[in-house]
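Since the structure is predicted, the reported quantities are computational estimates derived from the model, not experimental observations. Naming convention: chains lettered A, B, ... in sequence-line order (proteins, then strands); numbering from 1 in each chain.
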Amino acid sequence: MERGTIPVSELPGGLDLYLTLESGQTYLWGRDDGRMYDGERPDGAWYYTVVDDASSDPDPDVVRVRVQDGSLEWETTAGADAEETVRRLLRLDDDLEAVVAATPDDPLLAEAYDTHRGLRLVEDPAFGCLISFICSAQMRVSRIHSMVSTVAREYGTPVEFDGRTYHAFPTPAQLAAATEDELRELGLGYRAPYVVRTAEMVADGDAHPAEARDLAYEEARDYLCQFVGVGDKVADCVLLFSLGFDQAVPLDTWIRSAIEDYYPDCDCGSYAATSRAIREQFGGEYAGYAQTYVFHHLRTGE
DNA sequence: GCCCAGGAAATAT
DNA sequence: ATATTTCATGGG
């Protein structure tokens, strides 16, 4: 096992683990106290996730992190590049101060950024992120997290670490072996066939969400829309929370209400046109960062 | 019971 | 192309 600490003061703009991992952008992390998304900030709890080993080792790696005494502590079963993995997953090398500085001076954005200092975007693995947001349709964030956790527990590879059993998110092949009826029994409802069919597409080699990374932004969004259960909004979430498209602004219910209340001129009818307008309103390059802060700010009312 | 939740697909106009 | 309808399900 590898471990280390990183002083939060060394991270430009700081780090708030609770905001980063419980603001509804990732559903692939859990908390060792078993709670998550109940609106209460934990006191020094470990957050964990399980990632595929970068090398040829078939065993997935557990990564866990917590903040204690002003430092980010990390531990992982990963060998080489362990700290690099943590830095990538939590985007610790992002300069949050530069992100805020590059964002337009706007009352709503200023309030959102000011209220939730230290919230960073995450970089989730592409397949797990894709399935997470297929499941997100018409669901509350707490239920999305429990659905994704259940799917991992039922179909993902188990990994032992520090006396506990963790589960990787299932591979495309593992999830493609599930049946629609099984997933309905796990509470996925009408999303069940979407998940199975998308997993089959990836497992069969027809397409892979990670391939969108090499495309131009709007082409990447169109590419992701070929998966069953994926429309423009879910595609934007995968681009933003997994594939490094910081300009992506998912138009969910909260952002649409923000457009209605604060930026009515950005409502251009179609998703593509409205998306372009609000992306410009939010400063372009880091518009997705602004989106994530506004989403959390409006959704929690804090 | 009623309403809503990080929407998408099928269908109708 | 754009507008309406349908689809599950737990929690308030």
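- Straight-line distance from the CD atom of A:Q138 to the C1' atom of B:dA8: 9 Å, rounded to whole Å.
- Distance A:L130 CG to B:dA8 C1': 13 Å, rounded to the nearest Å.
- Going from atom CE of A:M139 over to atom C1' of B:dG7 covers 11 Å, rounded to whole Å.
- We find that A:D162 and A:R64 are joined by a salt bridge, their nearest charged nitrogen and carboxylate oxygen being less than 4.0 Å apart.
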Check against side chain to side chain donor-acceptor pair (under 3.5 Å), A:D106 and A:Y263: CA-CA 11 Å; A:D106 166 284; A:Y263 317 105; 3.0 Å; yes
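- Atom CG in A:L224 sits about 12 Å away from atom P in B:dA8, given to the nearest Å.
- Under 4.0 Å is where a charged nitrogen must lie from a carboxylate oxygen, and between A:D16 and A:R41 at least one such pair does.
- C:dG10 and B:dA9 have their P atoms separated by 23 Å, with the value rounded to a whole Å.
- Atom name P, nucleotides B:dA8 and C:dG11: the rounded distance is 24 Å, in whole Å.
- Ion pairing between a basic and an acidic side chain is recognised when a charged N comes within 4.0 Å of a carboxylate O; A:D246 and A:R91 show such pairing.
- One can place NZ of A:K233 at 13 Å from P of B:dA9, the figure rounded to the nearest angstrom.
- Along DNA chain B, the nucleotide nearest to A:G229 and the one nearest to A:V141 differ in position, and the one closer to the 5' end is contacted by A:V141.
- No donor-acceptor pair closer than 3.5 Å links the side chain of A:E154 to the backbone N or O of A:V151.
- Within residues 189-213 of chain A, the residues having any heavy atom closer than 4.0 Å to DNA chain C are, in order of number, A:G189, A:Y190, A:R191.
- Here chain A contacts DNA chain C (any atom closer than 4.0 Å to a heavy atom, that is under 4.0 Å), and the contacts span C:dC7 to C:dG11 from 5' to 3'.
- Under a 3.5 Å cut-off, the side chain of A:E185 and the backbone N or O of A:E182 do not form any donor-acceptor pair.
- Residue-level contact check: A:Y271 touches neither bases nor backbone, having no heavy atom under 4.0 Å from any strand.
- Applying the salt bridge (Lys or Arg N to Asp or Glu O under 4.0 Å) test to every pair with at least one member in residues 279-302 of chain A, sequence neighbours left out, gives these pairs: A:E218-A:R279.
- A side-chain donor from one of A:R221 and A:Y217 sits under 3.5 Å from a side-chain acceptor of the other.
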List the steps and the verdict of ring-ring contact (aromatic ring centres under 6.0 Å, His included) for A:F133 and A:F241. CA-CA 10 Å; A:F133 281 95; A:F241 304 134; 5.6 Å; yes
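- At whole-Å resolution of the value, CZ in A:F227 and P in B:dA8 are 15 Å apart.
- Using a 4.0 Å heavy-atom criterion, one finds that A:G24 contacts the bases of the nucleic acid, with or without backbone contacts as well.
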